Amino acid sequence: MAKPSRSPQPPSSSNFIRQIIEADLASGKHKRICTRFPPEPNGYLHFGHAKSICLNFGLAKDYGGRCNLRFDDTNPEKEEQEYVDSIIDAVKWLGFDFGGAALYASDYFDFMYRAAEYLVESGHAYVDSQSAEEMRASRGTFSEPGRDSPCRIRSPAENLRLLREMRDGKHADGAHVLRARIDMASPNINLRDPVIYRIKKATHHRTGDTWCLYPMYTYAHPIEDALEHVTHSVCTLEFEDQRPFYDWLLERLAEGGLLKRPLPQQIEFARLNLTYVVLSKRKLVQLVQEGHVEGWDDPRMPTLMGARRRGYTAEGLRRFAERIGVSKANQLIDLAVLEDCMREHLNEVAPRRMAVLDPVKLVIENYPDDREEQVDVPNHPQKPDWGRRQVPFARELWIEREDFMATPPKGYFRLFPGNRVRLRYAYVVECIGYDVATETVRCRLFEDSRSGTPGADQYKVKGNIHWVSVKHAGAAAVGLYDRLFKVPNPGGGERDFLLDLNPDSKKMITAKLEPALRNAQAGECVQFERHGYFVVDGPDSAPGALQFNRAVTLRDSWSR
RNA sequence: UGGGGAGUCGCCAAGCUGGUCUAAGGCACCGGAUUUUGAUUCCGGCAUUCCCAGGUUCGAAUCCUGGCUCCCCAGCCA
């Protein structure tokens with residue numbers, strides 16, 4: 001059982017949401033909590049959603065409650081089954097269990113409609129027949145109050161008649177809307193008689209053509225929460241102004257006996273921002289549509305499907321969510337935090353292998369051409385129980401181009417004429433020259449320096465380089481990924497974010513691999529020693545023609 | 001401009017029922033030790049200061065007053 005090397009102190013063992021929950025549990029307001037992750041199925045999940053997923057499911061888990069995965073599918077024009085499938089897949093991949101089945105806002109359409117009739121009958125809602133433009137004009141501004149719609153005085157009976165006609169498809173899109181009757185002069189614009197139902201003669205991905213009237217998010221969401229007995233409805237900061245309506249609605253429905261108390265409580269937290277990354281829906285769509293990346297699952301994308309392909313692990317993402325904490329202050333997290341989480345986890349789970357990414361040939365002149373041997377190599381230097389493997393060694397080897405320099409800078413301790421390094425887990429060699437024409441590093445080997453033999457460590461060398469036998473090497477495509485943007489804040493200060501795209505975010509190369517890598521399976525993570533963590537790509541790998549994607553490099557205090 | 005939020009080290013973030021705060025932890029950074037990955041691990045350093053200014057108090061990051069800065073809201077989107 002591998003124990004985390006660095007002590008993973010829960011960094012935010014305390015945050016304001018936990019305090020609220022603990023107080024509610026202590027006071028007896030709730031004896032069991034329920035949270036929910038409520039995506040609209042109109043796009044693919046990204047790191048920002050991961051934060052929310054980990055938060056909501058994490059809370060439920062920590063306090064012994066449950067967390068629902070609920071699709072907020074109230075706008076048929078934007079939502080598709082494809083997205084629900086992808087979202088379900090992503091949540092499962094992240095490692096969370098939502099009790100077997102996902103829930104849907106659309107399952108509550110009947111209740112929502114009944115509730116709307118109740119609001120109409122009780123005078124809390126009315127049908128407005130103004131155009132969208134008229135409504136906007138009469139809504140007022142930040143500094144001026146709004147004006148009542150002429151329709152605001154319609155009788156409950158007429159409102160009910162109209163609402164039913166709307167439901168029955170007797171009116172065109174936009175002809176009428178249902179509005180809550182609250183206060184057109186409220187300083188909170190969201191309370192100036194918000195629209196709660198609109199006509200949309202569109203086919204819904206689940207309810208088909210049953211409805212031509214669909215509830216607005218602001219109306220639907222509180223009801224969904226209440227119906228599911230969600231106790232703590234955690235959402236992002238931009239919904240803060242919406243909370244008074246959330247509470248107003250639930251109170252009205254509770255008064256009317258349509259809902260039972262205790263009512264859910266909406267709690268807002270700051271959404272995630274990451275340096276060198278864009279997370280806005282609009283920008284991500286643009287990256288895909290304009291072909292700046294190869295799709296939603298491009299390893300450079302901050303989507304969960306992209307992250308997975310890149311070799312980021314679900315565990316790494318969970319540690320990240322834990323580490324960045326939760327608060328109401330806008331956060332801009334350094335990408336390095338995410339990368340460190342990945343390194344930390346991958347270091348624990350990835351077997352070590354040798355691969356030469358930018359090969360240059362090394363010839364051991366005092367090693368016969370027909371000689372060859374197997375050297376014994378650990379699969380993980382800190383985990384002896386992971387066993388060892390045999391790696392073939394011969395006269396001609398591939399080594400990393402940057403591991404040799406004809407004229408080295410100060411401090412360089414790899415190969416250069418006259419210097420000695422250890423060929424990792426094998427022999428110490430001394431560089432005796434470089435043949436420019438054949439790009440070959442010439443060396444001689446010290447027979448008594450073989451790793452694991454007595455006296456091998458009498459050779460004091462600082463350099464220790466990896467290698468792959470030319471004769472035995474396999475080849476594979478390797479995707480070297482770097483941050484998609486070259487600046488910490490893409491598109492900052494009015495700039496077009498596309499101008500900040502990093503032209504070197506992807507580099508495809510062909511690498512030389514040690515034989516043990518030949519049978520790697522899609523999804524398998526390994527560390528290429530001295531390089532970083534790589535995963536076998538799914539889509540672009542074929543048996544015998546593997547592709548490895550670089551998730552993250554190793555730390556490097558020398559500088560690559 | 002009205003309303004709603006937020007301001008603790010370069011980036012996050014505990015703390016905020018006042019004293020144990022000359023402020024936890026992580027990332028980043030800088031050492032140094034171990035190391036057949038210039039990796040990992042380890043050890044040490046890194047805010048006399050908590051947006052600013054006043055005030056209350058024996059005592060304030062924590063309470064009060066007044067400023068300043070940043071974010072969000074005027075979709076029949078979510």
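For clarity, every value in this text was computed on a predicted model and none was experimentally measured. Each chain gets a letter, A, B and so on, in the order the sequences are listed, and its residues count up from 1.
- Heavy atoms of A/Tyr412 sit under 4.0 angstrom from at least one base atom.
- A/Lys462 comes within 4.0 angstrom of nothing in the nucleic acid, heavy atoms only.
- Side-chain nitrogen and oxygen atoms of A/Lys281 include none within less than 4.0 Å of the OP1 or OP2 phosphate oxygen of B/A78.
- A/Gly43 comes within contact range of no nucleotide atom at all, as no heavy-atom separation falls under 4.0 Å.
- Within 4.0 Å (heavy atoms only), A/Asn330 reaches sugar-phosphate atoms of the nucleic acid but no base atom.
- Contact annotation for A/Phe413: base contact, defined as any heavy-atom pair under 4.0 Å involving a base atom.
- Within the nucleic acid shown, A/Pro39 has no heavy atom closer than 4.0 Å to any nucleic acid atom.
- Regarding contacts with the backbone of B/A78, a side-chain N or O of A/Thr74 is found under 4.0 angstrom from either OP1 or OP2.
- Neither OP1 nor OP2 of B/G38 sits under 4.0 Å from any side-chain N or O of A/Arg555.
- In this structure, the nucleotide among B/G7, B/C11, B/G5 sitting nearest to the side chain of A/Ala329 is B/G7.
- The residue A/Arg352 sits close to a base: some heavy atom pair falls under 4.0 Å.
- The phosphate of B/A78 (OP1 or OP2) has no side-chain N or O of A/Arg271 nearer than 4.0 angstrom.
- In this structure, A/Leu346 and A/Gly311 approach most closely via the heavy-atom pair CD2-O, 4.0 Å.
- In this model, the phosphate group of B/G25 is not approached by any side-chain N or O of A/Arg323 to a distance below 4.0 Å at OP1 or OP2.
- With C1' as the reference atom, B/C77 and B/U62 are 41 Å apart, rounded to whole Å.
- Salt-bridge formation is not detected for the pair A/Glu224/A/Arg36: no Lys NZ or Arg NE/NH1/NH2 atom is positioned less than 4.0 Å from an Asp or Glu carboxylate oxygen.
- The ring pair (Phe, Tyr, Trp, His ring centres under 6.0 Å) test with A/Tyr427 singles out one residue from A/Trp467, A/Phe446, A/Phe393, and that residue is A/Phe393.
- When the options A/Tyr104, A/Trp211, A/Phe109 are evaluated for a ring pair (Phe, Tyr, Trp, His ring centres under 6.0 Å) with A/His204, the one that passes is A/Phe109.
- In this structure, A/Ser131 reaches the bases: a heavy-atom distance under 4.0 Å links it to at least one base atom across the strands shown.
- Look at A/Arg198 and you won't find any side-chain N or O under 4.0 angstrom from OP1 or OP2 of B/G75.
- Rounded to the nearest Å, the gap between the C1' atom of B/U69 and that of B/A33 is 45 Å.
- Residue contacts for A/Glu339: at a heavy-atom cut-off of 4.0 Å it reaches no nucleic acid atom on any strand shown.
- For the P atoms, the distance linking B/C30 with B/A39 amounts to 12 Å, nearest Å.
- In this structure, A/Glu529 reaches the bases: a heavy-atom distance under 4.0 Å links it to at least one base atom across the strands shown.
- Residue A/Glu240 is classed as a sugar-phosphate contact, given heavy-atom separations below 4.0 Å to backbone atoms only.
- Within 3.5 Å, a donor on the side chain of A/Gln527 pairs with an acceptor on the base of B/U37, or the reverse.
- Within 4.0 Å (heavy atoms only), A/Ala132 reaches at least one base atom of the nucleic acid.
- Ring stacking is absent between A/Tyr217 and B/C77, as the pair misses the limits of under 5.5 Å between centres and under 30 degrees between planes.
- Nucleotides B/A53 and B/C58 have their P atoms positioned 23 Å apart, rounded to a whole Å.
- Between B/G44 and B/U37, the distance separating the two P atoms is 24 Å to the nearest Å.
- For A/Arg483 and A/Tyr276, the positive end sits near the middle of the six-membered ring, less than 6.0 Å away and at most 45° from its axis.
- For the ring pair (Phe, Tyr, Trp, His ring centres under 6.0 Å) with A/Phe534, the lone residue among A/Tyr312, A/Phe548, A/Phe528 that qualifies is A/Phe528.
- Side-chain nitrogen and oxygen atoms of A/Ser14 include at least one within less than 4.0 Å of the OP1 or OP2 phosphate oxygen of B/G15.
- Across all strands shown, A/Asn464 has heavy atoms under 4.0 Å from base atoms, whether or not it also approaches the sugar-phosphate.
- Comparing B/A78, B/C73, B/U1 against the side chain of A/Glu40 picks out B/A78 as the nearest.
- Taking the six-membered ring where the residue is Trp, the centroids of A/Tyr246 and A/Tyr219 are separated by 6.0 Å or more.
- With both ends at atom P, the span from B/C71 to B/A78 equals 26 Å, rounded to whole Å.
- Residues A/Tyr533 and A/Thr453 each lie close to RNA chain B; by heavy-atom proximity, the contact nearer the 5' end of the strand is made by A/Thr453.
- Across all strands, A/Gln19 comes closer than 4.0 Å only to sugar-phosphate atoms, never to a base (heavy-atom distances).
- Straight-line distance between the P atoms of B/C63 and B/G15: roughly 13 Å, to the nearest whole Å.
- Remark on RNA chain B: of its neighbouring residues A/Ile333 and A/Val177, the 5'-side contact belongs to A/Ile333, judged by nearest-heavy-atom nucleotide.
- For the P atom pair drawn from B/G2 and B/G66, the interatomic distance equals 16 Å after rounding to whole Å.
- In this structure, A/Tyr44 has its ring center closer than 6.0 angstrom to the ring center of A/Tyr83.
- Distances shorter than 4.0 Å separate some side-chain N or O of A/Ser557 from OP1 or OP2 on B/A39.
- When each of B/A13, B/G26, B/G3 is scored by its nearest atom to the side-chain atoms of A/Asn188, the top-ranked nucleotide is B/G3.
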